[in-house]
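Position 1 is the first residue of the sequence; numbering continues from there.
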Amino acid sequence: MPHPVGKKCLCILGMHRSGTSCLTGIAQQYGVELGEVFTENPHNRRGNREHADIQALNNDVLTCNGGNWDRPVEVRHWNEELVDRRDRIIEEISQRADIWWGFKDPRVMLTLPFWQEGIGPMEFIGTFRHPFLVAQSIAKRDRKSIEEGIALWLTYNRLMLKLRQQHHFPVVDFDMAESDYLKDVQQKLERLGLTSEAPPDFFDSSLRHQTEINADNCIMIDEVSMVFQELNSAVA
């Protein structure tokens, strides 16, 4: 199914627990049509802004390739049933949009080739957090070790940097001070061509569930440190 003429798709990228929900909520206030998304979740009082059908489809695509969100794999295979579900989702959300529609699910960092096949050209914006803040949040939510959380952070963010080398999309740092973060997000969304009649008010400091780094855990191995430095350089 070809992408609807005259419509633009924005895909929000980032590791789990890295500010993707906040960034998506702001993009929604800038007019990005998301379809029916979660507006309240146990671990996010304003909702993760994810579409249930997209979540389920990404899980099934990963399963088809022998993986899961916490068992990252290279996605190479999908079947007609998955394609049909994808195309129905694209049609359902894009038809509701004036111009911009989009979606967010951190699993898309792994399943993106599947979506690109159905959508074609897309716009992207990415978000990241300090690896130990993400690992601490993952440990609290999913009962994983700090080491497991760091390994997942590294996999997802290496993929984001690799994609950014191809598409040169903007990236934001969810750990910025509130005023700086909001200013940066607004400027980058506007550079993509999005507009808002009023300043967005989606951000809430309580959305940041982890804000202090355990000093015992903050020695980063070289590869993690290098990726983190590259992400920080991408914000400028």
Side-chain angles (χ1 to χ4, degrees), residues 2-15 18-39 44 46-51 53-55 58 86 89-109 111-112 115-116 118-129 157 159-161 163-205 207-208 231-236:
H3 187 272
V5 176
K7 304 293 178 76
K8 296 181 179 181
C9 179
L10 178 66
C11 183
I12 291 84
L13 300 172
M15 168 63 189
S18 297
T20 55
S21 302
C22 183
L23 180 56
T24 305
I26 296 173
Q28 189 177 28
Q29 292 186 324
Y30 265 78
V32 177
E33 176 60 56
L34 304 175
E36 298 295 329
V37 296
F38 294 109
T39 56
N44 191 330
R46 302 204 71 176
N48 60 20
R49 304 288 147 167
E50 293 177 17
H51 194 293
D53 292 343
I54 292 176
Q55 277 187 351
N58 280 324
R86 178 195 67 196
I89 290 169
I90 294 171
E91 182 177 16
E92 180 252 318
I93 302 177
S94 63
Q95 282 188 346
R96 297 172 56 153
D98 291 331
I99 297 176
W100 285 94
W101 70 281
F103 59 103
K104 164 257 172 176
D105 177 359
R107 299 165 188 82
V108 171
M109 206 66 262
T111 65
L112 188 58
W115 290 97
Q116 287 177 309
I119 297 171
M122 306 164 67
E123 296 287 348
F124 303 99
I125 186 168
T127 178
F128 72 97
R129 290 199 82 185
N157 284 291
L159 287 170
M160 185 161 70
L161 284 173
L163 185 68
R164 190 174 183 273
Q165 290 176 351
Q166 301 168 8
H167 297 281
H168 309 290
F169 54 82
V171 174
V172 298
D173 178 0
F174 192 52
D175 293 324
M176 275 183 169
E178 178 177 344
S179 60
D180 293 335
Y181 171 78
L182 287 171
K183 181 179 179 181
D184 193 46
V185 170
Q186 291 174 55
Q187 287 178 343
K188 287 172 177 174
L189 289 174
E190 288 168 5
R191 283 181 205 154
L192 288 172
L194 291 154
T195 59
S196 176
E197 294 182 359
D201 58 3
F202 186 86
F203 180 88
D204 185 322
S205 58
L207 296 173
R208 291 174 174 165
L231 290 167
N232 277 292
S233 296
V235 173

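Crowding of Q166 atom CD: a count of heavy atoms from other residues, nucleotides or ligands under 6.0 Å exceeding 12.
Side-chain contact between R86 and W115 is present, with heavy atoms from C-beta onward closer than 4.5 Å. Side-chain contact between T24 and V37: absent, with no pair of heavy atoms (C-beta onward) separated by less than 4.5 Å. A 4.5 Å side-chain heavy-atom check between F174 and C22 finds at least one atom pair inside the cut-off. Side-chain contact between D173 and L231: absent, with no pair of heavy atoms (C-beta onward) separated by less than 4.5 Å.
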For this session: Carefully, step by step, assess L112 and M122 under the rule side chain to side chain contact (heavy atoms under 4.5 Å, CB included).
Result: CA-CA 11 Å; L112 188 58; M122 306 164 67; 4.3 Å; yes
Exercise. Step by step, would you call Y181 with I26 a side chain to side chain contact (heavy atoms under 4.5 Å, CB included)?
Worked result: CA-CA 11 Å; Y181 171 78; I26 296 173; 4.1 Å; yes
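Rounded to the nearest 0.5 Å, atoms CD1 (I90) and CD1 (I54) are 8.5 Å apart. To the nearest 0.5 Å, the span separating CG on L189 from OH on Y30 amounts to 6.0 Å. To the nearest 0.5 Å, atom SG of residue C11 and atom CD of residue E123 are 11.0 Å apart. Taken to the nearest 0.5 Å, the NZ atom of K7 stands 7.0 Å off from the CD atom of Q95.
Of the candidates L163, V171, L192, V108, L163 is the only one forming a side-chain contact (heavy atoms from CB on, under 4.5 Å) with F124. The one candidate from L34, N58, I119, I12 that meets the side-chain contact (heavy atoms from CB on, under 4.5 Å) condition with F103 is I119.
Nearest approach of T20 to G14, heavy atoms of both residues: CG2-CA, 3.7 Å. For the residue pair L13 and F169, the shortest heavy atom distance occurs at CD1-CZ, 3.8 Å. Pairing each heavy atom of G102 with each of V32, the nearest pair is N-CG1, 3.5 Å.
Distance alone, capped at 3.5 Å, places no donor-acceptor pair between the R49 side chain and the S21 backbone. Q186 places a side-chain N or O within 3.5 Å of a backbone atom of L182 that can act as its donor or acceptor partner. Checked by atom type and distance alone, the side chain of T127 pairs as donor or acceptor with a backbone atom of S18 at under 3.5 Å. A donor-acceptor contact shorter than 3.5 Å links the side chain of H51 to the backbone of D53.
Every pair passing salt bridge (charged side-chain N to carboxylate O under 4.0 Å, His left out) that includes a residue from residues 95-105 is listed here, sequence neighbours excluded: E33-R96, E36-R96, E50-K104, E92-R96, D105-R107.
D184 is linked by a side chain to side chain contact (heavy atoms under 4.5 Å, CB included) to V172, M176, K188, V235, counting only residues two or more places apart in sequence or in another chain.
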